[in-house]
Amino acid sequence: MHINLTLIVQMAVFAVLIWFTMKFVWPMILGPMQERERRIAQGLAAANKGEEELKEARAGAESILSEARERAGVIVDQAQRSANEILEQARSAATQEGQRLVAAAQQQIELDAARAKEQLRRQVGAIAVAAASKLLEREIDARAHEALLNEFAAQL
Amino acid sequence: MAAAEPQIGEYIEHHLTFLTNKPQNTLVNFTVINYDTVFFSVLLAVLFAGSFYLVARRASASTTSVPRGFQSFVEMLVDWVDSQVKDVYHGTNQLIAPLALTIFCWVYLFNFMDLVPVDLLPDIGGALGLAHLKVVPSTDLNGVFGLSLTVFILMIFYSIKMKGPLGFLAELTLHPFRVKNIFAQIPLSIVNLLLESVTLIARPVSLALRLFGNIFAGEMIFVLLALLTLAHGYAGLETFSGWGLLLLQAVLTFAWGVFHLLIITIQAFIFMVLTIVYLAMAHEHH
(Lines give C-alpha, C1' and ligand atoms only; values in the text may rest on other atoms or scores of the structure.)
Protein backbone atom coordinates (compact mmCIF):
# COMPACT_ATOMS: atom_id res chain seq x y z
CA MET A 1 0.00 0.00 0.00
CA HIS A 2 2.23 2.76 -1.26
CA ILE A 3 1.63 6.00 -3.06
CA ASN A 4 4.04 6.59 -5.92
CA LEU A 5 4.47 7.91 -9.44
CA THR A 6 1.70 5.58 -10.61
CA LEU A 7 -0.78 8.07 -9.13
CA ILE A 8 0.45 10.88 -11.40
CA VAL A 9 0.54 8.60 -14.44
CA GLN A 10 -2.95 7.37 -13.65
CA MET A 11 -4.26 10.95 -13.39
CA ALA A 12 -2.64 11.84 -16.71
CA VAL A 13 -4.06 8.78 -18.46
CA PHE A 14 -7.46 9.55 -16.96
CA ALA A 15 -7.31 13.16 -18.16
CA VAL A 16 -6.39 12.07 -21.67
CA LEU A 17 -9.14 9.47 -21.64
CA ILE A 18 -11.73 12.04 -20.51
CA TRP A 19 -10.57 14.42 -23.24
CA PHE A 20 -10.75 11.67 -25.86
CA THR A 21 -14.23 10.56 -24.78
CA MET A 22 -15.48 14.13 -24.70
CA LYS A 23 -14.01 14.96 -28.11
CA PHE A 24 -14.37 11.82 -30.20
CA VAL A 25 -16.77 9.42 -28.51
CA TRP A 26 -19.61 11.10 -26.65
CA PRO A 27 -20.84 13.64 -29.23
CA MET A 28 -20.32 11.23 -32.12
CA ILE A 29 -22.57 8.65 -30.47
CA LEU A 30 -25.18 10.86 -28.83
CA GLY A 31 -25.47 13.19 -31.85
CA PRO A 32 -26.46 10.46 -34.32
CA MET A 33 -28.73 8.97 -31.65
CA GLN A 34 -30.59 12.25 -31.22
CA GLU A 35 -30.66 12.69 -34.98
CA ARG A 36 -32.16 9.21 -35.34
CA GLU A 37 -34.64 9.95 -32.56
CA ARG A 38 -35.70 13.08 -34.42
CA ARG A 39 -36.12 11.10 -37.65
CA ILE A 40 -38.17 8.43 -35.94
CA ALA A 41 -40.39 11.09 -34.36
CA GLN A 42 -40.80 12.71 -37.76
CA GLY A 43 -41.57 9.36 -39.36
CA LEU A 44 -44.17 8.55 -36.73
CA ALA A 45 -45.74 11.98 -37.09
CA ALA A 46 -45.81 11.57 -40.87
CA ALA A 47 -47.39 8.14 -40.51
CA ASN A 48 -50.04 9.56 -38.19
CA LYS A 49 -50.70 12.40 -40.60
CA GLY A 50 -50.90 9.99 -43.51
CA GLU A 51 -53.37 7.83 -41.64
CA GLU A 52 -55.44 10.88 -40.81
CA GLU A 53 -55.37 11.99 -44.43
CA LEU A 54 -56.32 8.52 -45.61
CA LYS A 55 -59.27 8.55 -43.25
CA GLU A 56 -60.32 11.95 -44.56
CA ALA A 57 -59.88 10.84 -48.17
CA ARG A 58 -61.95 7.73 -47.47
CA ALA A 59 -64.71 9.84 -45.96
CA GLY A 60 -64.54 12.22 -48.96
CA ALA A 61 -64.70 9.36 -51.41
CA GLU A 62 -67.62 7.89 -49.51
CA SER A 63 -69.56 11.16 -49.67
CA ILE A 64 -68.76 11.59 -53.37
CA LEU A 65 -69.91 8.04 -54.03
CA SER A 66 -73.18 8.45 -52.17
CA GLU A 67 -73.82 11.74 -53.93
CA ALA A 68 -73.17 10.09 -57.28
CA ARG A 69 -75.48 7.25 -56.33
CA GLU A 70 -78.19 9.71 -55.37
CA ARG A 71 -77.78 11.62 -58.59
CA ALA A 72 -77.87 8.43 -60.63
CA GLY A 73 -81.15 7.53 -58.89
CA VAL A 74 -82.56 10.95 -59.77
CA ILE A 75 -81.45 10.55 -63.37
CA VAL A 76 -82.98 7.10 -63.63
CA ASP A 77 -86.23 8.41 -62.16
CA GLN A 78 -86.31 11.26 -64.66
CA ALA A 79 -85.61 8.89 -67.54
CA GLN A 80 -88.39 6.62 -66.36
CA ARG A 81 -90.76 9.51 -66.13
CA SER A 82 -89.91 10.91 -69.55
CA ALA A 83 -90.14 7.43 -71.08
CA ASN A 84 -93.60 7.06 -69.59
CA GLU A 85 -94.54 10.46 -70.96
CA ILE A 86 -93.32 9.58 -74.44
CA LEU A 87 -95.17 6.28 -74.29
CA GLU A 88 -98.32 8.04 -73.14
CA GLN A 89 -98.02 10.59 -75.92
CA ALA A 90 -97.46 7.87 -78.50
CA ARG A 91 -100.41 5.94 -77.18
CA SER A 92 -102.77 8.90 -77.29
CA ALA A 93 -101.50 9.83 -80.77
CA ALA A 94 -102.13 6.30 -81.94
CA THR A 95 -105.62 6.30 -80.42
CA GLN A 96 -106.48 9.59 -82.11
CA GLU A 97 -105.14 8.33 -85.42
CA GLY A 98 -107.19 5.17 -85.03
CA GLN A 99 -110.31 7.15 -84.26
CA ARG A 100 -109.62 9.38 -87.25
CA LEU A 101 -109.17 6.36 -89.48
CA VAL A 102 -112.35 4.77 -88.17
CA ALA A 103 -114.27 7.99 -88.76
CA ALA A 104 -112.90 8.29 -92.31
CA ALA A 105 -113.80 4.68 -93.01
CA GLN A 106 -117.33 5.25 -91.73
CA GLN A 107 -117.69 8.32 -93.90
CA GLN A 108 -116.48 6.34 -96.87
CA ILE A 109 -118.92 3.59 -96.02
CA GLU A 110 -121.78 6.06 -95.73
CA LEU A 111 -120.76 7.68 -99.01
CA ASP A 112 -120.58 4.29 -100.74
CA ALA A 113 -123.95 3.32 -99.30
CA ALA A 114 -125.53 6.57 -100.50
CA ARG A 115 -124.00 6.06 -103.94
CA ALA A 116 -125.28 2.50 -104.04
CA LYS A 117 -128.74 3.66 -102.98
CA GLU A 118 -128.70 6.27 -105.76
CA GLN A 119 -127.68 3.66 -108.28
CA LEU A 120 -130.29 1.27 -107.03
CA ARG A 121 -132.91 3.98 -107.16
CA ARG A 122 -131.95 4.69 -110.76
CA GLN A 123 -132.08 1.06 -111.73
CA VAL A 124 -135.39 0.60 -109.91
CA GLY A 125 -136.69 3.60 -111.91
CA ALA A 126 -135.55 2.03 -115.14
CA ILE A 127 -137.03 -1.33 -114.11
CA ALA A 128 -140.24 0.38 -113.16
CA VAL A 129 -140.38 2.19 -116.50
CA ALA A 130 -139.62 -1.03 -118.29
CA ALA A 131 -142.24 -2.83 -116.27
CA ALA A 132 -144.78 -0.05 -116.79
CA SER A 133 -144.11 0.03 -120.55
CA LYS A 134 -144.65 -3.71 -120.59
CA LEU A 135 -147.87 -3.18 -118.75
CA LEU A 136 -148.99 -0.40 -121.06
CA GLU A 137 -147.63 -2.22 -124.04
CA ARG A 138 -146.25 0.86 -125.34
CA GLU A 139 -143.08 2.57 -125.11
CA ILE A 140 -142.94 5.34 -122.78
CA ASP A 141 -140.94 8.18 -123.97
CA ALA A 142 -138.25 8.22 -121.46
CA ARG A 143 -137.47 11.78 -122.15
CA ALA A 144 -141.03 12.81 -121.92
CA HIS A 145 -141.54 11.16 -118.63
CA GLU A 146 -138.14 11.94 -117.15
CA ALA A 147 -139.54 14.27 -114.63
CA LEU A 148 -142.11 11.77 -113.55
CA LEU A 149 -139.55 9.03 -113.31
CA ASN A 150 -137.20 11.15 -111.30
CA GLU A 151 -139.99 12.03 -108.90
CA PHE A 152 -140.78 8.34 -108.57
CA ALA A 153 -137.20 7.41 -108.06
CA ALA A 154 -136.85 9.99 -105.32
CA GLN A 155 -139.73 8.40 -103.49
CA LEU A 156 -137.83 5.14 -103.20
CA MET B 1 0.05 -28.46 6.90
CA ALA B 2 2.68 -26.99 9.17
CA ALA B 3 5.24 -27.08 6.37
CA ALA B 4 2.84 -25.24 4.13
CA GLU B 5 2.45 -22.21 6.38
CA PRO B 6 5.32 -20.14 4.95
CA GLN B 7 4.18 -21.17 1.47
CA ILE B 8 0.74 -19.65 2.11
CA GLY B 9 2.26 -16.48 3.45
CA GLU B 10 4.50 -16.23 0.43
CA TYR B 11 1.61 -16.87 -1.92
CA ILE B 12 -0.53 -14.09 -0.46
CA GLU B 13 2.43 -11.75 -0.31
CA HIS B 14 3.15 -12.55 -3.94
CA HIS B 15 -0.37 -11.55 -4.91
CA LEU B 16 -0.16 -8.26 -3.02
CA THR B 17 3.11 -7.07 -4.50
CA PHE B 18 3.28 -4.77 -7.50
CA LEU B 19 5.68 -5.03 -10.37
CA THR B 20 7.82 -1.96 -9.65
CA ASN B 21 11.04 -0.50 -10.96
CA LYS B 22 12.52 -0.70 -7.44
CA PRO B 23 11.32 -1.68 -3.97
CA GLN B 24 9.41 1.04 -2.12
CA ASN B 25 10.02 1.38 1.59
CA THR B 26 8.37 4.70 2.41
CA LEU B 27 4.65 5.38 2.17
CA VAL B 28 5.10 8.03 -0.51
CA ASN B 29 7.90 7.88 -3.06
CA PHE B 30 7.43 9.47 -6.45
CA THR B 31 10.42 7.80 -8.03
CA VAL B 32 8.75 4.39 -7.86
CA ILE B 33 6.22 3.28 -10.46
CA ASN B 34 3.90 0.27 -10.60
CA TYR B 35 4.38 -1.04 -14.10
CA ASP B 36 1.52 -3.53 -13.83
CA THR B 37 -1.11 -0.95 -12.80
CA VAL B 38 0.02 1.47 -15.50
CA PHE B 39 0.12 -1.28 -18.14
CA PHE B 40 -3.35 -2.66 -17.40
CA SER B 41 -4.88 0.82 -16.93
CA VAL B 42 -3.59 1.94 -20.31
CA LEU B 43 -4.55 -1.37 -21.92
CA LEU B 44 -8.12 -1.09 -20.61
CA ALA B 45 -8.26 2.60 -21.51
CA VAL B 46 -7.25 1.75 -25.08
CA LEU B 47 -9.78 -1.09 -25.14
CA PHE B 48 -12.59 1.23 -23.98
CA ALA B 49 -11.64 4.26 -26.07
CA GLY B 50 -10.82 2.19 -29.15
CA SER B 51 -14.00 0.13 -29.22
CA PHE B 52 -16.20 3.13 -28.44
CA TYR B 53 -14.39 5.23 -31.03
CA LEU B 54 -15.04 2.61 -33.71
CA VAL B 55 -18.72 2.61 -32.82
CA ALA B 56 -18.78 6.43 -32.77
CA ARG B 57 -17.23 6.57 -36.23
CA ARG B 58 -19.69 4.04 -37.63
CA ALA B 59 -22.64 5.79 -35.93
CA SER B 60 -21.74 9.23 -37.24
CA ALA B 61 -20.91 7.92 -40.73
CA SER B 62 -24.57 7.19 -41.40
CA THR B 63 -27.41 8.22 -39.17
CA THR B 64 -29.94 6.26 -41.19
CA SER B 65 -28.48 2.79 -40.67
CA VAL B 66 -30.08 0.56 -38.06
CA PRO B 67 -27.78 0.03 -35.05
CA ARG B 68 -27.03 -3.58 -34.21
CA GLY B 69 -24.79 -5.68 -32.04
CA PHE B 70 -22.10 -3.83 -30.14
CA GLN B 71 -23.33 -0.47 -31.44
CA SER B 72 -26.72 -1.06 -29.81
CA PHE B 73 -24.99 -1.92 -26.56
CA VAL B 74 -22.83 1.20 -26.67
CA GLU B 75 -25.80 3.40 -27.51
CA MET B 76 -27.80 1.89 -24.67
CA LEU B 77 -24.92 2.62 -22.29
CA VAL B 78 -24.54 6.18 -23.56
CA ASP B 79 -28.27 6.80 -23.29
CA TRP B 80 -28.34 5.38 -19.78
CA VAL B 81 -25.39 7.50 -18.62
CA ASP B 82 -26.97 10.54 -20.25
CA SER B 83 -30.21 10.01 -18.33
CA GLN B 84 -28.26 9.47 -15.07
CA VAL B 85 -26.51 12.80 -15.62
CA LYS B 86 -29.70 14.62 -16.58
CA ASP B 87 -31.43 13.36 -13.43
CA VAL B 88 -28.87 15.12 -11.25
CA TYR B 89 -27.34 17.93 -13.28
CA HIS B 90 -29.42 20.46 -15.22
CA GLY B 91 -26.69 22.79 -16.49
CA THR B 92 -24.92 23.00 -19.81
CA ASN B 93 -21.51 21.62 -18.89
CA GLN B 94 -20.40 19.36 -21.75
CA LEU B 95 -17.79 17.58 -19.65
CA ILE B 96 -19.86 15.82 -17.00
CA ALA B 97 -21.62 13.25 -19.20
CA PRO B 98 -18.53 12.04 -21.11
CA LEU B 99 -16.65 12.01 -17.81
CA ALA B 100 -19.36 9.84 -16.26
CA LEU B 101 -19.25 7.42 -19.19
CA THR B 102 -15.46 7.24 -19.01
CA ILE B 103 -15.52 6.56 -15.28
CA PHE B 104 -18.20 3.88 -15.47
CA CYS B 105 -16.58 1.97 -18.33
CA TRP B 106 -13.00 2.31 -17.15
CA VAL B 107 -13.75 1.42 -13.53
CA TYR B 108 -15.92 -1.48 -14.66
CA LEU B 109 -13.07 -2.80 -16.80
CA PHE B 110 -10.64 -2.32 -13.86
CA ASN B 111 -12.93 -4.31 -11.63
CA PHE B 112 -13.60 -6.91 -14.28
CA MET B 113 -9.92 -7.88 -14.22
CA ASP B 114 -10.78 -9.31 -10.80
CA LEU B 115 -12.79 -12.05 -12.54
CA VAL B 116 -9.81 -13.24 -14.55
CA PRO B 117 -8.60 -16.37 -12.71
CA VAL B 118 -6.43 -15.06 -9.95
CA ASP B 119 -3.24 -16.92 -10.91
CA LEU B 120 -3.59 -16.89 -14.69
CA LEU B 121 -1.94 -13.61 -15.61
CA PRO B 122 0.67 -13.61 -12.80
CA ASP B 123 1.75 -17.12 -13.90
CA ILE B 124 1.98 -16.05 -17.54
CA GLY B 125 3.96 -13.01 -16.35
CA GLY B 126 6.15 -15.33 -14.28
CA ALA B 127 6.84 -17.44 -17.35
CA LEU B 128 7.88 -14.25 -19.13
CA GLY B 129 10.26 -13.38 -16.30
CA LEU B 130 8.14 -10.89 -14.33
CA ALA B 131 8.53 -11.37 -10.60
CA HIS B 132 5.11 -9.95 -9.67
CA LEU B 133 1.97 -8.95 -11.52
CA LYS B 134 -1.08 -7.29 -10.00
CA VAL B 135 -3.70 -7.18 -12.71
CA VAL B 136 -6.56 -5.23 -11.07
CA PRO B 137 -5.84 -1.46 -11.21
CA SER B 138 -8.66 -0.71 -8.76
CA THR B 139 -6.85 -2.71 -6.05
CA ASP B 140 -4.01 -0.21 -6.32
CA LEU B 141 -4.41 2.90 -4.15
CA ASN B 142 -2.63 4.86 -6.89
CA GLY B 143 -5.21 3.64 -9.39
CA VAL B 144 -8.27 4.66 -7.39
CA PHE B 145 -6.80 7.91 -6.07
CA GLY B 146 -5.73 8.79 -9.60
CA LEU B 147 -9.42 8.77 -10.49
CA SER B 148 -10.79 10.46 -7.38
CA LEU B 149 -8.14 13.20 -7.25
CA THR B 150 -8.80 14.06 -10.90
CA VAL B 151 -12.48 14.31 -10.02
CA PHE B 152 -11.53 16.42 -6.98
CA ILE B 153 -9.50 18.82 -9.12
CA LEU B 154 -12.47 19.18 -11.48
CA MET B 155 -14.75 19.84 -8.48
CA ILE B 156 -12.50 22.65 -7.22
CA PHE B 157 -12.03 24.01 -10.74
CA TYR B 158 -15.77 24.22 -11.47
CA SER B 159 -16.57 25.55 -7.98
CA ILE B 160 -14.21 28.46 -8.54
CA LYS B 161 -15.27 28.91 -12.16
CA MET B 162 -18.99 29.00 -11.39
CA LYS B 163 -18.97 30.93 -8.10
CA GLY B 164 -15.75 32.91 -8.35
CA PRO B 165 -12.90 32.56 -5.82
CA LEU B 166 -14.81 34.68 -3.27
CA GLY B 167 -18.02 32.75 -3.77
CA PHE B 168 -16.19 29.49 -3.22
CA LEU B 169 -14.50 30.88 -0.11
CA ALA B 170 -17.87 32.11 1.16
CA GLU B 171 -19.30 28.66 0.65
CA LEU B 172 -16.50 27.22 2.77
CA THR B 173 -16.68 29.80 5.57
CA LEU B 174 -20.34 30.87 5.89
CA HIS B 175 -21.82 27.40 6.44
CA PRO B 176 -23.19 25.95 8.55
CA PHE B 177 -22.84 28.73 11.23
CA ARG B 178 -23.98 32.17 10.13
CA VAL B 179 -24.58 35.28 12.28
CA LYS B 180 -25.32 38.91 11.43
CA ASN B 181 -22.55 40.33 13.67
CA ILE B 182 -19.33 40.43 11.61
CA PHE B 183 -17.03 40.11 14.67
CA ALA B 184 -18.88 37.07 15.89
CA GLN B 185 -18.75 35.64 12.38
CA ILE B 186 -14.93 35.56 12.23
CA PRO B 187 -14.36 32.80 14.83
CA LEU B 188 -17.39 30.96 13.53
CA SER B 189 -15.94 31.14 10.02
CA ILE B 190 -12.81 29.37 11.19
CA VAL B 191 -14.94 26.58 12.59
CA ASN B 192 -16.94 26.55 9.37
CA LEU B 193 -13.80 26.33 7.28
CA LEU B 194 -12.61 23.34 9.29
CA LEU B 195 -15.93 21.55 8.98
CA GLU B 196 -16.37 22.30 5.30
CA SER B 197 -12.78 21.33 4.50
CA VAL B 198 -13.30 17.96 6.12
CA THR B 199 -16.49 17.50 4.10
CA LEU B 200 -14.71 18.54 0.93
CA ILE B 201 -11.67 16.34 1.42
CA ALA B 202 -13.74 13.39 2.59
CA ARG B 203 -15.32 13.22 -0.86
CA PRO B 204 -12.33 12.08 -2.96
CA VAL B 205 -11.01 9.97 -0.09
CA SER B 206 -14.27 8.09 0.40
CA LEU B 207 -14.74 7.83 -3.36
CA ALA B 208 -11.37 6.14 -3.77
CA LEU B 209 -11.39 4.01 -0.63
CA ARG B 210 -14.92 2.67 -1.20
CA LEU B 211 -13.92 1.30 -4.59
CA PHE B 212 -10.53 0.12 -3.36
CA GLY B 213 -11.97 -1.65 -0.30
CA ASN B 214 -14.65 -3.53 -2.19
CA ILE B 215 -12.46 -4.72 -5.01
CA PHE B 216 -9.47 -5.46 -2.81
CA ALA B 217 -11.64 -7.57 -0.52
CA GLY B 218 -13.09 -9.38 -3.54
CA GLU B 219 -9.63 -10.15 -4.85
CA MET B 220 -8.56 -11.32 -1.43
CA ILE B 221 -11.45 -13.79 -1.32
CA PHE B 222 -10.35 -15.23 -4.66
CA VAL B 223 -6.77 -15.54 -3.36
CA LEU B 224 -7.96 -17.25 -0.17
CA LEU B 225 -10.14 -19.66 -2.14
CA ALA B 226 -7.10 -20.51 -4.24
CA LEU B 227 -5.33 -21.54 -1.00
CA LEU B 228 -7.68 -24.55 -0.67
CA THR B 229 -5.66 -26.55 -3.14
CA LEU B 230 -2.41 -24.62 -3.00
CA ALA B 231 -0.48 -26.76 -0.52
CA HIS B 232 -1.19 -30.05 -2.24
CA GLY B 233 -0.16 -29.51 -5.84
CA TYR B 234 -0.68 -32.45 -8.19
CA ALA B 235 -0.31 -34.82 -5.24
CA GLY B 236 -3.75 -33.65 -4.13
CA LEU B 237 -5.30 -35.43 -7.10
CA GLU B 238 -4.21 -38.80 -5.69
CA THR B 239 -6.52 -38.65 -2.68
CA PHE B 240 -10.25 -38.46 -2.32
CA SER B 241 -10.05 -35.41 -0.04
CA GLY B 242 -7.82 -33.70 -2.61
CA TRP B 243 -10.57 -33.99 -5.21
CA GLY B 244 -13.08 -32.81 -2.62
CA LEU B 245 -11.05 -29.66 -1.98
CA LEU B 246 -10.68 -29.04 -5.71
CA LEU B 247 -14.45 -29.33 -6.18
CA LEU B 248 -15.06 -27.07 -3.16
CA GLN B 249 -12.70 -24.45 -4.55
CA ALA B 250 -14.34 -24.58 -7.97
CA VAL B 251 -17.88 -24.25 -6.55
CA LEU B 252 -16.98 -21.45 -4.10
CA THR B 253 -14.95 -19.54 -6.67
CA PHE B 254 -17.83 -19.74 -9.12
CA ALA B 255 -20.35 -18.60 -6.49
CA TRP B 256 -18.13 -15.72 -5.37
CA GLY B 257 -17.48 -14.81 -9.01
CA VAL B 258 -21.21 -14.52 -9.72
CA PHE B 259 -21.68 -12.37 -6.61
CA HIS B 260 -18.61 -10.32 -7.45
CA LEU B 261 -20.03 -9.60 -10.89
CA LEU B 262 -22.76 -7.68 -9.06
CA ILE B 263 -20.27 -5.91 -6.80
CA ILE B 264 -17.99 -4.68 -9.58
CA THR B 265 -20.97 -3.27 -11.49
CA ILE B 266 -22.39 -1.56 -8.41
CA GLN B 267 -19.01 -0.10 -7.48
CA ALA B 268 -18.48 1.29 -10.96
CA PHE B 269 -22.02 2.71 -10.85
CA ILE B 270 -21.53 4.30 -7.41
CA PHE B 271 -18.26 5.89 -8.49
CA MET B 272 -19.98 7.34 -11.56
CA VAL B 273 -23.08 8.62 -9.75
CA LEU B 274 -21.10 10.22 -6.93
CA THR B 275 -18.84 11.93 -9.45
CA ILE B 276 -21.92 13.34 -11.19
CA VAL B 277 -23.39 14.47 -7.88
CA TYR B 278 -20.15 16.13 -6.72
CA LEU B 279 -19.69 17.97 -10.00
CA ALA B 280 -23.35 19.02 -10.02
CA MET B 281 -22.88 20.38 -6.48
CA ALA B 282 -19.82 22.28 -7.66
CA HIS B 283 -22.07 24.05 -10.17
CA GLU B 284 -24.81 24.94 -7.69
CA HIS B 285 -25.08 28.24 -5.90
CA HIS B 286 -26.03 28.10 -2.26
Side-chain angles (χ1 to χ4, degrees), chain A residues 1-70, chain B residues 16 18 20-21 24-35 37-38 41-42 45 48-49 52-53 55-67 71 74-75 77-79 81-82 94-95 97-99 101-103 105-106 137 140-147 149-151 153-154:
Chain A
M1 298 306 115
H2 301 296
I3 296 294
N4 56 32
L5 186 61
T6 313
L7 178 71
I8 310 296
V9 175
Q10 187 80 358
M11 287 172 77
V13 172
F14 188 36
V16 171
L17 194 58
I18 294 169
W19 170 79
F20 184 85
T21 308
M22 194 176 151
K23 199 90 180 165
F24 298 106
V25 174
W26 184 266
M28 285 167 77
I29 292 177
L30 199 67
M33 275 169 72
Q34 283 165 344
E35 168 68 16
R36 196 185 313 128
E37 231 163 71
R38 203 178 55 75
R39 271 168 193 271
I40 290 172
Q42 268 181 352
L44 286 177
N48 269 347
K49 210 177 132 203
E51 222 164 83
E52 209 66 28
E53 278 174 0
L54 183 67
K55 217 179 275 173
E56 262 171 43
R58 276 218 181 106
E62 194 58 47
S63 80
I64 288 172
L65 258 177
S66 69
E67 197 179 309
R69 234 176 262 136
E70 220 166 87
Chain B
L16 293 182
F18 291 97
T20 52
N21 54 345
Q24 182 171 356
N25 299 317
T26 52
L27 180 63
V28 178
N29 182 351
F30 281 110
T31 60
V32 180
I33 185 162
N34 299 343
Y35 291 129
T37 300
V38 171
S41 296
V42 171
F48 157 69
F52 274 54
Y53 178 67
V55 167
R57 235 182 36 180
R58 189 156 23 122
S60 58
S62 91
T63 53
T64 51
S65 68
V66 178
Q71 190 185 347
V74 167
E75 289 192 356
L77 208 57
V78 166
D79 197 41
V81 171
D82 195 41
Q94 297 299 304
L95 177 109
L99 170 68
L101 178 72
T102 309
I103 285 181
C105 293
W106 208 26
D140 184 349
L141 279 178
N142 297 292
V144 291
F145 272 112
L147 294 176
L149 285 182
T150 309
V151 171
I153 289 170
L154 286 171

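All values derive from a computational prediction rather than experimental measurement. Below, chains carry the letters A, B, ... as their sequence lines are ordered, and counting in each starts from 1.
Put simply, of B/Pro137, B/Cys105, B/Ala59, B/Ala97, the one with the most heavy-atom pairs under 4.5 Å next to chain A is B/Ala97. Chain B forms more heavy-atom pairs under 4.5 Å with one residue of A/Ile8, A/Ile29, A/Leu17 than with any other, namely A/Leu17. Of the residues considered (B/Val42, B/Leu95, B/Val55, B/Ile103), B/Leu95 shows the highest number of contacts with chain A, using heavy-atom pairs under 4.5 Å.
Contact of B/Tyr35 with chain A is not made at all, since no heavy-atom distance falls under 4.5 Å. When heavy atoms are compared at a cutoff of 4.5 Å, B/Asn21 does not approach chain A at all.
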Which side-chain N or O atoms in residues 44-65 of chain A pair as donor and acceptor under 3.5 Å with protein atoms at least two apart or in another chain?
{"residue": "A/Ser63", "atom": "OG", "partner": "A/Gly60", "partner atom": "O", "Å": "2.9"}

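What you find for A/Ile3 and B/Gln24 is that their closest heavy atoms are O-NE2, 3.0 Å. Nearest heavy atom pair, residue A/Val13 against residue B/Ala45, reads CG1-CB, 4.3 Å. The minimum heavy-atom distance linking B/Ile33 with A/Val9 is given by the pair CD1-CG2, 3.8 Å. Here the shortest heavy-atom pairing between A/Met33 and B/Glu75 reads CE-O, 3.4 Å.
Just one of B/Thr20, B/Asn34, B/Leu141, B/Val32 meets the side chain to side chain contact (heavy atoms under 4.5 Å, CB included) condition when paired with A/Thr6; it is B/Asn34. Each of B/Phe52, B/Tyr53, B/Phe48 was checked for a ring-ring contact (aromatic ring centres under 6.0 Å, His included) with A/Phe20, and the lone residue meeting it is B/Tyr53.
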Chi angles and distances behind the side-chain contact (heavy atoms from CB on, under 4.5 Å) call for A/Met22, B/Leu99: CA-CA 7 Å; A/Met22 194 176 151; B/Leu99 170 68; over 6 Å; no
Stepwise side-chain contact (heavy atoms from CB on, under 4.5 Å) check, A/Met11 with B/Ile153: CA-CA 10 Å; A/Met11 287 172 77; B/Ile153 289 170; 3.5 Å; yes
Stepwise side chain to side chain donor-acceptor pair (under 3.5 Å) check, A/Gln10 with B/Ser41: CA-CA 8 Å; A/Gln10 187 80 358; B/Ser41 296; 3.1 Å; yes
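Atom CD of A/Glu70 has 12 or fewer neighbouring heavy atoms from other residues, nucleotides or ligands inside a 6.0 Å radius.
With rounding to the nearest 0.5 Å, the separation of OG1 in B/Thr31 from CG in A/Leu5 is 8.0 Å. The distance from the CD1 atom of A/Ile18 to the CG atom of B/Leu147 is 8.5 Å, given to the nearest 0.5 Å. A distance of 5.5 Å separates CG in A/Leu7 from CG in B/Leu149, rounded to the nearest 0.5 Å.
Counting heavy atoms from C-beta outward, B/Val28 and A/Asn4 have side chains that stay 4.5 Å or more apart. Between B/Trp106 and A/Thr21 there is no side-chain heavy-atom pair separated by less than 4.5 Å. When side chains are defined from C-beta on, A/Trp26 does not count as touching B/Thr102, because their heavy atoms never get closer than 4.5 Å.
Between the side chain of A/His2 and the backbone N or O of B/Thr26 there is at least one donor-acceptor pair closer than 3.5 Å. With A/Glu35 contributing its side chain and B/Ser60 its backbone, the two residues share no donor-acceptor pair below 3.5 Å.
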